[in-house]
Structures are given as structure tokens and as C-alpha cells.
Amino acid sequence: MATSEELHKRRVEAVARGVGSTISAYVDRAGGGTITDVDGREWIDFAAGIAVTNVGNSAPRVVEAVRAQVERFTHTCFMVAPYESYVAVCEQLNALTPGGFEKRSALFNSGAEAVENAVKIARHATGRPAVVVFDHAYHGRTNLTMALTAKNMPYKHRFGPFAGEVYRVPMSYPLRDGGLDGATAAARSIEMIEKQVGAENVAALLIEPIQGEGGFVVPAEGFLPALREWATAAGVVFVADEIQTGFCRTGDWFACEHEGVQPDLITLAKGIAGGLPLAAVTGRADLMDAVHVGGLGGTYGGNPIACAAALAAMETMRELDLAAAARRIGAVMGERLDAIAAGDPRVAEVRGRGAMLAVEIVRPGTLTPDPAATAAVSAACHAAGLLTLTCGTYGNVLRFLPPLVISDDELGRGLDILAAAFG
Ligand code: PLZ
């Protein structure tokens, strides 16, 4: 087998420079809470492929379901010749997502594609043009979703012009907004929408219940419910982007459940299918079914192998109670992170929920972001065998997203490495 170094040389000659990687080692295998490279080096996995392998890599049920499906048929296109697993995934999503009302789902390939389609559906159903998003938001890298995403580098820089009718309002970010309570922060955002856009022009309000790429920003309690209430009164479609927070990650099946918020539409991807590419929009039947026959689709959306994997992944989440596992991971990890924070003045805050936790790193005694220190701690983790990711508008948030099947031993070893990296 080629070594990581050899593969890296080939990569530089073959793969476009614009596609980056967190580590330069090349994966041989992965499972449970670890990733092993082609040279036999092992990393404890606190990334889960960016919150995708919630059920772990090559989860037994997923492997079995994919193998069986591959042998039956690989692709017919649901728009040409439909099959049961697509319908079954939609049935499950309709039942699992928050909201006791009648729902429909449609399946796609990537998170960005799900977000694009949620906007299409909201515009079609309301006949209105505008979409409201938040500071620090991340919704993808396609043209419309770049417009929805807040951060310039690396996502948007020189990739414009961007789609129109996208309006950005302040997020509730307690560490950086002086600790505004949720209702006050929501009133500030709503006033901006009403004055600058006009509620009657707004098709959709799109929000991550806990922001992902933007820095694991947890809005103050009451922020999401207040926005939900306003959207209902204003006839605006409330879209929760649960692409990173969904499928047990935060200790509930979906992060909106924490405050009892029922979105009109939810975008889903990542954790849905144990690593196979699948995404969905799930929501109110009247909105979803407003679209004319043939108005939604795509060649691969709801591919049968991905659907088989999704059914197996959701079964695994139920069987192993991975929402409870996420809460357990969050408790263990939170305690260790609090201890690190208590001994290190660079840590301004430990935040997140369940197995979606992060630390925000600043110059001691200030709120000035310190992306260099963040990168240094992350690099020390990588060198010592722990795969961590950074995020945040200011690049100063170190985030932790272990697979929800990580063992106690692996979790403990990962946290030991992390504590040592902070020194
Ligand atoms: N919405 C909330 O987190 C993907 C992107 C990493 P796709 N986040 C990881 C990167 O640098 O590209 C994401 C998300 C939220 C939408 C998306 C987009 O999902 O499957 O990457 O298109």
C-alpha cells in the first residue's frame, strides 16, 4: 500500500488545490471512535467526517443494508422508476421530526441541495421572494447557499456575484452580544426584518438551531421560540437547518426539540445515512405539496443505496439510543472542557449541547479572537493522535463532534490528548 507521503505527492499533482484537508494522512480504515491511516497511525475521531458518522464508520447495519441493496439494484432514478426505500425514508423522517402535523419529505444528495430546495418550496408556497438568514450562518457552497452563508473566506471569496433577495440579521450570540436574553435578541432581529425587508416580502426565515461552521453558537434561550412565533404571525416559513445538529447529535433527535420549536420545514443531511450522500427537506404537507408535480427532483436524489443506508442508520440510532449516548458524551466531555477552561485564560467559553461541543479561544482578559492559538492547539491534537476541527467566523473555535458510538476509553484518551494540547 502507498504511504500517506506518497499519496500526498500524487494528490498535489492530481487534485485541485481548492479542495483542502484537515490532516495530510490518508485513511485506510475507520470505525468506532478511531481512524487509521495507510501507515498504521491511529487518530481518535472528534470530527465524525463533520458530524456525519453519528452511527460510526461502517456501522454493521449500514454495511449489511448497503451490501444487500447493491446486489438488488444500484439506481433507477426515483423520478423514472420508484422504489420502496425512498418512501420508507420519507415516512420515517415525517414521523421523527418535530411537529405533530401532517408532513411530506423530498430527498436530495447534499446539505446545500436540501437548503436550495427548502427555499424553492417556501418561495413557491408563499409567492414571496426574500430569505432571511443570520450572522455567522453556514448553509452551503452552491450559488444560492453561498449567498445564505455569512463568512467570506474561504467559502465566498471571489465566487460571486451571489443570488439576490437574501437578507442577513443579527444572531443571538451571548458571548459577543453582551448576553442579550433570547427575547430581546429576537426583537432586534425582527425589527430589522420588518424595517429593512418587510415581513410581507419574506418567504422564509432560515436558521441553524445551533450554528455549525459559524462557531457552535448556541442562541440564548427563547430566541428560537420568539422567531418561530413571529414567523407564524407573519406568514413566513420557518426553516430549521438541522444538517449539522440533526440525528441525535445534540442529545435529541433534532436540536429544535430542546425548546419545543416546531419548524415548518427542516433541512437534513450529514448524519442521516451513516456516511452515504443523502439529504432531505421535511415539513408541513401544505407547503411541500404546494409545488407542482415534477417541480422537485434530481438524478440521484434518494439514491437506493443511500436510502438503504439511511434506514439502517436510523434503526441503529433507535436501537443504540444514540440521543442518550450524545447526552452521556456531552456530560463527560463538558466536565473535562470546563476543567481545561478553568485553568486556561485563553478559553472564553465552553458551549454546545450533547456531542456537539466547542471552546472559543481569545487573547486572555479580552474577547479578541485568537485564531493562531486555536490552530496551534488543533495542530498539537493532530500530532498527538486526536482529530479535531476548528470553526467560527473568526476561526477561533475548536469543536468536537465524535461519532456517537465512541467508546468511553476512546473518549477519555481523546480528552487526555486535548488537555495536554492546551498544556
Ligand atoms: N447547512 C448547517 O453544516 C455543511 C461544510 C464543510 P453539504 N457543513 C460542513 C465545508 O467546508 O464545506 C452544512 C451545514 C449546515 C448546510 C451544510 C451544507 O451541507 O452537504 O456540505 O452541502
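Ligands are counted one by one from 1 in listed order, and the atoms in each one are counted from 1 as well. None of the values given here were measured: they were computed from a predicted structure.
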Review point. With under 30° as parallel and over 60° as perpendicular, where do the rings of H136 and Y173 fit, or are they tilted in between?
Key: perpendicular
**Study point:** Protein residues having a heavy atom less than 4.0 Å from any atom of ligand 1
**Key:** I50, S110, G111, A112, Y138, H139, G140, R141, Y155, E208, E213, D241, I243, Q244, K270
Practice item. Give every residue pair that meets the salt bridge (Lys or Arg N to Asp or Glu O under 4.0 Å) criterion with at least one member in residues 55-70, sequence neighbours excluded. Key: R61-E319
Check your understanding: Counting only heavy atoms not in R10, do more than 12 fall under 6.0 Å of its CZ?
Key -> no
Point to revise | is_close_aromatic(F216, F400), centroid dist under 6.0 Å | key: no
Exercise for review: Report yes if some heavy atom in the side chain of L268 is under 4.5 Å from a heavy atom in the side chain of I243; otherwise report no.
Suggested key: no
**Study point:** Salt bridge flag under 4.0 Å for residues R249 and E242
**Key:** no
